[in-house]
S.K.: 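My questions will all concern the structure given below.
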Amino acid sequence: MDSDRDRPGTADDEAGDLRSDTSRAIGFSDAVFAIIITILVLDLRTPEVPPGGLLRSLLDEWPVYLAYVTSYLYVAVNWLNHKGTFHRVRCTDRRLNWVNLGVLFSVALLPFATAVLSSAVQHGDRSDERVAVVLYGLVGVVLSVAWLALYHHLSRHRDLLVPHVSPRFFAVERLRAVLGVVSYAVAGLVGWLVSVPVALVVFLLLPLFYGLSSNGFYDLRRWSRRHRPGARP
């Protein structure tokens, strides 16, 4: 028989944390992700140009497009990570809700950092570009730290999880979060000390890496086994 502590919707007497199912946390989080993507696209504006100048004006807007694609991919990857993580969560407690809010807080900073970066590359000088790159890298670091806190909490409170979740999942995901902290910090330093374009390329490649390794490479391994010669369909 399950104890009251293990049932969603009852109080955890030791920690004083209320348990509930994940539907509200997931629904709220999905709404926040949708709003963030909507805010990102608002930075794409129709150029106001005289007749015959549209093509040149569109080409001059390339920093805006690059920043949008980079941040859209980053938000998409975070949504996929969030979906994959909460698929393994049976119920939430107060601490999990707080660390989840921390993740959403960090993701919500991306439209601001994106707008600053695209504006600096398009209209600013070398100093402005360096500051904007460091700001974007700092947001990436903060977001990675927020994910690290979420995975750490879940790894220490397995009673919140569905049965048979492998401990290795959290080990891999925490490693990916640590790599994010290091990678975004290094990219920001590269932009400040060496080259802004190189930092922009790193910012674009990082979401691609995290997209391919989403869910701790499990999707990739499943795909490789399915397409291995002699594998059953």
Side-chain angles (χ1 to χ4, degrees), residues 1-34 36 73-107 142-183 206-233:
M1 179 182 296
D2 294 336
S3 66
D4 289 341
R5 179 180 175 180
D6 293 330
R7 296 192 191 114
T10 61
D12 185 331
D13 293 333
E14 292 185 9
D17 291 334
L18 296 178
R19 301 294 175 93
S20 61
D21 61 42
T22 60
S23 59
R24 295 187 67 183
I26 293 174
F28 177 77
S29 301
D30 285 346
V32 171
F33 279 112
I36 292 170
L73 289 174
Y74 199 18
V75 174
V77 167
N78 276 274
W79 179 74
L80 289 172
N81 284 345
H82 193 275
K83 180 180 177 182
T85 299
F86 273 80
H87 180 70
R88 295 168 168 84
V89 177
R90 177 178 63 88
C91 62
T92 64
D93 62 6
R94 186 175 301 168
R95 294 184 184 91
L96 178 57
N97 285 328
W98 274 112
V99 291
N100 182 54
L101 287 171
V103 170
L104 299 177
F105 168 84
S106 306
V107 179
V142 172
L143 183 50
S144 299
V145 169
W147 276 111
L148 186 61
L150 187 144
Y151 290 129
H152 178 70
H153 180 75
L154 289 176
S155 67
R156 297 190 60 183
H157 297 82
R158 297 189 59 82
D159 54 307
L160 301 177
L161 306 176
V162 299
H164 312 304
V165 175
S166 170
R168 187 173 180 276
F169 171 79
F170 296 104
V172 173
E173 293 302 308
R174 280 186 293 186
L175 176 60
R176 292 171 73 239
V178 171
L179 287 175
V181 172
V182 175
S183 299
L206 281 173
L208 296 176
F209 163 75
Y210 281 107
L212 291 173
S213 64
S214 181
N215 271 327
F217 299 97
Y218 297 115
D219 292 338
L220 285 178
R221 288 202 300 269
R222 190 182 302 115
W223 184 90
S224 64
R225 287 197 299 266
R226 187 180 303 145
H227 292 81
R228 188 180 304 162
R232 294 181 179 178

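In this text, all values refer to a predicted model and were calculated from it rather than measured experimentally.
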S.K.: For Phe105, which residues count as a side chain to side chain contact (heavy atoms under 4.5 Å, CB included) partner, sequence neighbours excluded?
M.R.: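 If we apply the side chain to side chain contact (heavy atoms under 4.5 Å, CB included) test to Phe105, skipping adjacent residues, the hits are Leu109.
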
S.K.: So, the side chain of Tyr210 versus the backbone of Asn81: is there a donor-acceptor pair under 3.5 Å, distance only?
M.R.: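 Not a single qualifying donor-acceptor pair exists.
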
S.K.: Give, for atom CD of Glu173 and atom CG of Leu175, the distance between the pair rounded to the nearest 0.5 Å.
M.R.: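 If I round to the nearest 0.5 Å, the distance is 9.5 Å.
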
S.K.: If you take all heavy atoms of Val89 and Cys91, which pair is closest and at what distance?
M.R.: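 That would be CG1-O, 3.2 Å.
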
S.K.: Of all heavy-atom pairs between Leu73 and Pro207, which one has the smallest distance, and what is that distance?
M.R.: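 Smallest heavy-atom distance, with atoms named: CB-CB, 3.8 Å.
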
S.K.: Determine yes or no for a side-chain-to-main-chain donor-acceptor pair under 3.5 angstrom, with His157 supplying the side chain and His153 the backbone.
M.R.: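 The answer is yes, because a donor-acceptor pair under 3.5 Å joins these two groups.
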
S.K.: Can you give me the closest heavy-atom contact between Ser144 and Ala177, atom names plus distance?
M.R.: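 Heavy atoms only, the tightest pair is CB-O, 3.5 Å.
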
S.K.: Taking only residues two or more places apart in sequence or in another chain, which ones pass side chain to side chain contact (heavy atoms under 4.5 Å, CB included) with His152?
M.R.: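 Expected list: Ser155, Arg156, Arg174.
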
S.K.: What closest approach, in Å, do Ser183 and Leu206 show between heavy atoms, and which atom pair accounts for it?
M.R.: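 Shortest heavy-atom contact: CB-CD2, 3.6 Å.
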
S.K.: Among all residues two or more places apart in sequence or in another chain, which pass the side chain to side chain donor-acceptor pair (under 3.5 Å) test with Ser29?
M.R.: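 Scan of Ser29 (side chain to side chain donor-acceptor pair (under 3.5 Å), adjacent residues dropped) gives His82, Asn100.
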
S.K.: List the atom of Val75, the atom of Val107, and the distance in Å for their closest heavy-atom pair.
M.R.: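 Closest approach of Val75 to Val107, heavy atoms only: CG2-CG1, 4.3 Å.
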
S.K.: Output, in order, the C-alpha distance, side-chain angles, deciding distance and verdict of side-chain contact (heavy atoms from CB on, under 4.5 Å) for Leu150 and Leu96.
M.R.: CA-CA 7 Å; Leu150 187 144; Leu96 178 57; 4.3 Å; yes

S.K.: Using atom types as modelled and distance alone, determine if a side-chain donor or acceptor of Arg88 lies under 3.5 Å from a backbone N or O of Val162.
M.R.: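 A pair under 3.5 Å: no.
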
S.K.: How would you list, by chain and number, every residue that makes a side chain to side chain donor-acceptor pair (under 3.5 Å) with Asn78, sequence neighbours excluded?
M.R.: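 Result, side chain to side chain donor-acceptor pair (under 3.5 Å) vs Asn78: Trp147.
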
S.K.: With sequence neighbours excluded, what pairs up with Arg158 under the side chain to side chain contact (heavy atoms under 4.5 Å, CB included) test?
M.R.: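 Residues passing side chain to side chain contact (heavy atoms under 4.5 Å, CB included) with Arg158: Leu161, Val165, Pro167, Phe170.
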
S.K.: Quick one: side chain to side chain contact (heavy atoms under 4.5 Å, CB included) partners of Val32, sequence neighbours excluded?
M.R.: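 By the side chain to side chain contact (heavy atoms under 4.5 Å, CB included) rule, Val32 matches Phe28, Ile36, Leu104.
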
